Amino acid sequence: MNNIELDKNYVANTYARFPVEISHGKGSLMYSPDGKEYIDLGSGIGVTAFGAADEKWVEAVTAQLGKVQHTSNLYYTEPCAVLAKTLCERTGMKKVFFANSGAEANECAIKVARKYAADKKGKDYNVIVTLKNSFHGRTLTTLAATGQDKFHELFQPLTGGFVHATANDIESVKTAVKDNKVCAIMIECVQGEGGVIALDKDFVQGIKEICDKEDILFVVDEVQTGNGRTGELYAYMNYGVKPDVVTTAKGLGGGLPIGCCMMNDKTQNVLGFGDHGSTYGGNPVCAAGAISVIDRIDAKLLDEVKAKSKYIFDTLSSAKGVVSVSGMGLMVGIKTERAAKDVIAECMDNGVLCLSAKDKVRLLPALNIPMETLKKAIEIIKTACAK
Ligand SMILES: *Cc1c(COP(=O)(O)O)cnc(C)c1O
């Protein structure tokens, strides 16, 4: 059996994979074993922030691999400590808990929210308001947080204590807060899986006001939007707000699993000894890779992200067969006249890998994709949309 047949036989049927095997890559180029070259506009769902086998990232990771690959959290290690300091200095947050994925980062945020309210108001203040059409992960608790019924149906009962308000409708958030004993409001500033939809600035600022007034935690899920993706280090920075808790993962590790829950001055001491933990969390190899990622997301790189974003929006917004372009930075959703899956399949045949989100073509290219490579790929998408 070849690898595709082996996978179909032995790997659980949870993924509708594209009919492509990737054997290696370099930057924004990916290769299948038969030598076919692809321009990668998905970066492993926004994970490989600097592309495949990026030299500086490989160097940082392999240097740590040669020292020690894991110690458990019973001991101190430099990469974990330095990464936490770097993240706090870049965001103004005060403390960081490391996990291994986005869902786990959100689990931590949920625990922080419940304990914060339990300490201050009482254990019955345990409800978290999230938004319809959101996505917060695949564990039973983060699925409950996710405001999309299609993810819930088969897995009842989910963790209780989540209510879903309507995005960009501040009255619906106010009602949810009035009708429930709420400990937190959790949002993605740009809904990713929900169709690459940026929330309105007024709405996000309105949520922050409610949170401050009611002493409710404002939690921002930056698992997809974080780490330079939207043209700022974290997406909330586009909105002029300061969250109480920020979660991130995906691009942070640059390709190795790491998740992170950042807490501000109000929430930094909510979790105490034994309240939370993770065997792998803050693993030195993953942390070393993450430091190299964060250190390279500077003003110059963010300007390049914004310039590439502008190019994509300008080129595709008026293109034939394109209904609309949404998103922020290098997180882009394209509503097409043709079915998105047909556009994606044709792009793949022509050597461009795209993602989907709901009924849209979704692009999450590496932050450092060369402009020439991006232009080539966008032309291929444009041609596919026009058919
Ligand atoms: C991908 C994603 C998650 C889940 O992350 P995993 O690493 O797959 O657990 C959570 N929230 C958002 C916004 C995401 O995009």
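Ligands are counted one by one from 1 in listed order, and the atoms in each one are counted from 1 as well. We're numbering straight along the sequence, starting at 1. Note that the structure is a prediction, hence the values are computed from the model and not measured.
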Would you indicate whether K266, at its atom NZ, is surrounded by more than 12 heavy atoms from other residues, nucleotides or ligands within a distance under 6.0 Å? yes
Return yes or no for this condition: an N or O of E104 is under 3.5 Å from an N or O of ligand 1. no
Would you check if the distance from the ring center of F135 to the ring center of F151 is below 6.0 Å? yes
How far is atom 11 (N) of ligand 1 from its nearest protein heavy atom, and which residue and atom is that? D221 OD2, 2.8 Å
Qualifying residues under side chain to side chain donor-acceptor pair (under 3.5 Å), relative to T86, sequence neighbours excluded: none
When you measure from atom 14 (C) of ligand 1 to every protein heavy atom, which one gives the shortest distance, and what is it? K250 NZ, 2.9 Å
With no hydrogens and no angle check, is any side-chain donor or acceptor of N100 less than 3.5 Å from a backbone partner on P257? no
Per-atom contacts of ligand 1 with S101, taking only distances under 4.0 Å to non-hydrogen atoms: 7 (O), 9 (O)
Any protein heavy atom sitting closer than 4.0 Å to atom 8 (O) of ligand 1? no
Of all the atoms in ligand 1, which lie at a distance below 4.0 Å from a heavy atom belonging to A103? 4 (C), 5 (O), 6 (P), 9 (O)
E188 neighbourhood, listing ligand 1 atoms whose heavy-atom distance to it stays under 4.0 Å: 13 (C)
Closer than 4.0 angstrom, basic N to acidic O: yes or no for K242 and D265? no
Which of the ligand 1 atoms, numbered from 1, are nearer than 4.0 Å to a heavy atom of Q224: 15 (O)
Ligand 1 versus N106, non-hydrogen atoms closer than 4.0 Å: side chain, backbone, both, neither? side chain
In terms of side-chain geometry, is the basic nitrogen of E89 or K85 positioned less than 4.0 Å from the acidic oxygen of its partner? yes
With respect to G102, determine whether any N or O atom, backbone or side chain, lies less than 3.5 Å from an N or O atom of ligand 1. yes
Under 4.0 Å between a Lys/Arg side-chain N and an Asp/Glu carboxylate O for R338 and E346? yes
